[in-house]
Amino acid sequence: MNNPKKELFPSQYAPSGPIDPATWHFFSSFQGTLIGKEKLQGFVLSLTPRGPQFQVGTGANGKNLNYGASGWFNFLTVTRPNNTTVQVPSSGEGDINIDLEYCSKNSCE
């Protein structure tokens with residue numbers, strides 16, 4: 001089920017535009033953990049997929065024409081921060097839209 005989420009203007013997509021979602025890669029399953037640092041020390045979030053598949057490719061970040069990725073997720077607070085003045089939700093949903101670039105051991109292209 002490769003059903004891309006297209007967030008740019010329709011004119012940006014093939015056949016008339018430079019972005020071809022048929023070249024994107026899709027991931028139907030993922031899991032993750034975010035661990036807090038500094039003021040969020042002790043904070044741990046668990047991530048699970050929500051909505052469209054995680055997508056990677058040129059324009060897949062939904063924000064520009066760069067090589068990137070987008071993903072949508074639910075989160076659940078596993079542990080709260082040690083700093084009790086920081087308020088965090090017990091659960092919710094979010095998304096990430098990022099540019100990606102290849103980096104070798106010594107430099108990025």
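Only heavy atoms go into these numbers, but all of them, side chains included; no hydrogens, no water, no symmetry mates.
In this structure, Pro52 and Lys5 approach most closely via the heavy-atom pair CG-CD, 3.7 Å. When all heavy atoms are compared, the tightest approach of Pro21 to Tyr13 is CG-CD2, 3.8 Å. Leu76 and Ser90 make their closest contact through CD1-O, 3.5 Å (heavy atoms, listed as atom of the first residue, atom of the second, distance). Here the closest heavy-atom approach between residue Pro81 and residue Leu40 is recorded as CG-CD2, 4.1 Å. Minimum interatomic distance between Ser16 and Ser11 (heavy atoms only, all atoms of both residues): OG-O, 3.9 Å.
Phe75 and Leu34 fall within the same hydrophobic cluster, where Ile, Leu, Val, Met, Phe, Trp and Tyr residues are linked whenever their side-chain heavy atoms come under 4.5 Å apart, directly or through other members.
Screening residues 68-79 for side chain to side chain donor-acceptor pair (under 3.5 Å) gives Ser70-Asn97 as the qualifying pairs, with residues at least two apart or on separate chains. Note on residues 19-38: no pairs pass side chain to side chain donor-acceptor pair (under 3.5 Å), not counting sequence neighbours. Judged as a salt bridge (charged side-chain N to carboxylate O under 4.0 Å, His left out), the pairs with a partner in residues 72-98 (not counting sequence neighbours) are, in order, Arg50-Glu93.
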Gln53 and Asn2: side-chain contact (heavy atoms from CB on, under 4.5 Å), yes or no, with the steps? CA-CA 7 Å; Gln53 293 176 309; Asn2 295 341; 3.6 Å; yes

Please assess Asp99 against Asn61 for the test side chain to side chain donor-acceptor pair (under 3.5 Å), listing each intermediate value before the final yes or no. CA-CA 7 Å; Asp99 283 351; Asn61 63 11; 2.5 Å; yes

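Among residues two or more places apart in sequence or in another chain, the side-chain contact (heavy atoms from CB on, under 4.5 Å) test is passed with Leu65 by Leu8, Gln12, Pro18, Ile19. In this structure Val78 satisfies the side-chain contact (heavy atoms from CB on, under 4.5 Å) test together with Val44, Ser46, sequence neighbours excluded. Listed by chain and residue number, Ala69, Ile96, Leu100 satisfy the side-chain contact (heavy atoms from CB on, under 4.5 Å) test with Ile98 (two or more places apart in sequence, or in another chain).
For Asn83 (side chain) and Thr85 (main-chain N/O), a donor-acceptor pair under 3.5 Å exists by modelled atom type.
Two residues are said to be in side-chain contact when any heavy atoms from C-beta on lie closer than 4.5 Å; Phe27 and Val56 meet this criterion. Annotation: side chain of Phe30 is in contact with side chain of Phe73 (closest heavy-atom distance under 4.5 Å).
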